[in-house]
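The block underneath contains the structure these notes are about, expressed in structure tokens.
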Amino acid sequence: RPCSTRAALNGINKAVVDRIIRVDHAGEYGANRIYAGQMAVLGRSAAGPLIQQMWNQEKDHLKKFNELMIAYRVRPTVLLPFWNVAGFVLGAGSSLLGKKGAMACTVAVEESISDHYNNQIRTLMEEDPEKYKELMQIIKQCRDDELEHHDIGLEHDAERAPAYSVLKTVIQLGCKAAIYLSERI
């Protein structure tokens with residue numbers, strides 16, 4: 001359950017929490033759009049059920065961050081309309097390379113996001129692990145799911161996608177830029 005009383009909001013570092021929830025909401029929104037793009041291209045292929053399984057977890061993550069945004073009174077990033085289009089284009093575009101392309105995209109994104117979640121956990125631990133216990137549990141669960149998606153991508157030939165190293169590097173640079181921007185605006 002998200003923060004259930006206003007009392008729980010007392011004593012938190014609002015700037016840190018706002019930044020974390022805003023960027024994580026944007027990231028989960030973008031992930032949903034990536035999987036929507038992948039499903040638009042590969043949904044009727046043999047890869048469809050696997051992509052749908054990962055997408056369903058991302059839908060749960062987005063729902064949780066929607067709840068946290070309300071509970072902590074955090075505004076979303078103004079970039080959501082851009083992430084809507086960019087995420088779908090990334091998912092569909094990588095899927096045009098086939099299942100391996102979609103999995104390469106998944107590996108690149110999920111590796112970036114897992115690292116990002118680990119950085120957030122470290123930040124909250126430095127602030128006050130007890131005060132942010134609930135938020136850290138949510139982030140840890142999302143991180144663990146993202147790592148699972150990463151591993152699924154590797155198991156399904158992500159590294160055999162055309163120009164895998166270039167594709168991964170470009171996608172991860174995009175992820176870093178999206179994280180930087182979504183934390184701030």
Side-chain angles (χ1 to χ4, degrees), residues 1-2 20-70 74 76-77 79-118 120-121 135 137-162 164 167-168 170-179 181-182:
R1 248 178 79 152
I20 287 172
I21 293 173
R22 179 177 305 108
V23 72
D24 290 355
H25 173 265
E28 297 301 343
Y29 181 83
N32 270 271
R33 298 305 297 148
I34 290 168
Y35 284 112
Q38 290 180 347
M39 286 298 289
V41 175
L42 297 173
R44 294 179 185 219
S45 74
L50 180 65
I51 295 167
Q52 185 66 56
Q53 173 192 347
M54 293 186 287
W55 189 13
N56 288 342
Q57 285 184 310
E58 298 297 346
K59 289 177 184 179
D60 291 340
H61 297 173
L62 181 58
K63 181 179 180 212
K64 177 53 71 179
F65 280 104
N66 280 331
E67 292 169 358
L68 289 173
M69 290 188 71
I70 293 167
V74 177
T77 178
L79 297 171
L80 281 182
F82 180 74
W83 301 147
N84 178 28
V85 175
F88 188 89
V89 168
L90 176 59
S94 63
S95 295
L96 291 173
L97 297 172
K99 176 184 171 185
K100 293 172 189 170
M103 293 299 119
C105 176
T106 297
V107 167
V109 170
E110 302 299 23
E111 186 175 295
S112 294
I113 301 310
S114 298
D115 291 346
H116 171 69
Y117 279 149
N118 281 332
Q120 289 181 334
I121 292 165
L135 182 56
Q137 287 174 338
I138 292 165
I139 294 169
K140 285 177 184 178
Q141 180 60 55
C142 290
R143 181 215 44 212
D144 292 348
D145 290 347
E146 309 307 1
L147 287 170
E148 178 186 351
H149 299 169
H150 171 271
D151 293 347
I152 288 169
L154 290 175
E155 290 166 11
H156 288 88
D157 298 326
E159 293 170 310
R160 294 181 58 210
Y164 173 75
L167 185 62
K168 182 179 175 188
V170 169
I171 291 170
Q172 288 185 328
L173 286 171
C175 288
K176 287 180 182 177
I179 289 166
L181 292 170
S182 293

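All of these numbers come straight from a predicted model, not from anything done at the bench. Numbering of residues begins at 1 and proceeds along the displayed sequence.
- Counting heavy atoms from C-beta on, the side chains of Thr106 and Ile34 never come closer than 4.5 Å.
- Contact annotation: the side chain of Cys142 approaches that of Phe65 to within less than 4.5 Å [non-hydrogen atoms, C-beta and beyond].
- The CE atom of Met54 sits 9.0 Å away from atom CD of Gln57, with the distance rounded to the nearest 0.5 Å.
- Each of Ile51, Leu50, Val107 was compared with Ile152 under the side chain to side chain contact (heavy atoms under 4.5 Å, CB included) criterion, and only Leu50 meets it.
- Pairing each heavy atom of Phe88 with each of Ala40, the nearest pair is CZ-CB, 3.7 Å.
- What you find for Ile171 and Cys105 is that their closest heavy atoms are CD1-CA, 3.7 Å.
- Judged by distance alone, the side chain of Asn84 and the main-chain N or O of Arg33 form no donor-acceptor pair under 3.5 Å.
- Separation of atoms NZ (Lys176) and CD1 (Ile179) is listed at 8.5 Å; rounding is to 0.5 Å.
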Checklist entry - Can you check side chain to side chain donor-acceptor pair (under 3.5 Å) on Asp145 and Gln141, steps first, answer last? => result CA-CA 6 Å; Asp145 290 347; Gln141 180 60 55; 3.0 Å; yes

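- The closest side-chain heavy-atom distance from Val23 to Gln120 is below 4.5 Å.
- Rounding to the nearest 0.5 Å places CD1 of Ile138 at 10.0 Å from CG of Asp24.
- Within the 4.5 Å cutoff, no side-chain heavy atoms of Asp157 are placed close to those of Lys99.
- The distance from atom CG of Asn66 to atom OH of Tyr29, rounded to the nearest 0.5 Å, is 10.0 Å.
- Taking the six-membered ring for Trp and thresholds of 30 and 60 degrees, His61 and His149 have nearly parallel ring planes, at less than 30 degrees apart.
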Item to check | Audit row: Glu28, Lys64, salt bridge (Lys or Arg N to Asp or Glu O under 4.0 Å) steps and yes/no | outcome: CA-CA 10 Å; Glu28 297 301 343; Lys64 177 53 71 179; over 6 Å; no

Item to check | Test log, rule side chain to side chain contact (heavy atoms under 4.5 Å, CB included), inputs Leu147 and Glu110 | outcome: CA-CA 6 Å; Leu147 287 170; Glu110 302 299 23; over 6 Å; no

Next on the checklist: Please determine whether side chain to side chain contact (heavy atoms under 4.5 Å, CB included) holds for the pair Glu146 and Glu58, giving the CA-CA distance in whole Å, both sets of side-chain angles, and the decisive distance to 0.1 Å.
Outcome noted: CA-CA 9 Å; Glu146 309 307 1; Glu58 298 297 346; 2.6 Å; yes

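- Side-chain contact annotation: Asn56 with Gln52, donor-acceptor N/O pair under 3.5 Å present.
- Using a 4.5 Å cut-off on side-chain heavy atoms (C-beta onward), Leu68 and Leu135 make contact.
- In this structure, Ala104 and Leu167 approach most closely via the heavy-atom pair CB-CD2, 3.8 Å.
- A search for side-chain contact (heavy atoms from CB on, under 4.5 Å) contacts involving Thr77 returns Arg22, Ala26, Leu79, Leu80, Trp83, Ser182, not counting sequence neighbours.
- At least one donor-acceptor pair closer than 3.5 Å links the side chain of Gln38 to the backbone N or O of Ala102.
- Within 6.0 Å of the NZ atom in Lys59, the count of heavy atoms belonging to other residues, nucleotides or ligands exceeds 12.
- Interatomic distance, NZ of Lys168 versus OG of Ser94, reported as 14.5 Å (0.5 Å rounding).
- A 4.5 Å side-chain heavy-atom check between Ile121 and Lys140 finds at least one atom pair inside the cut-off.
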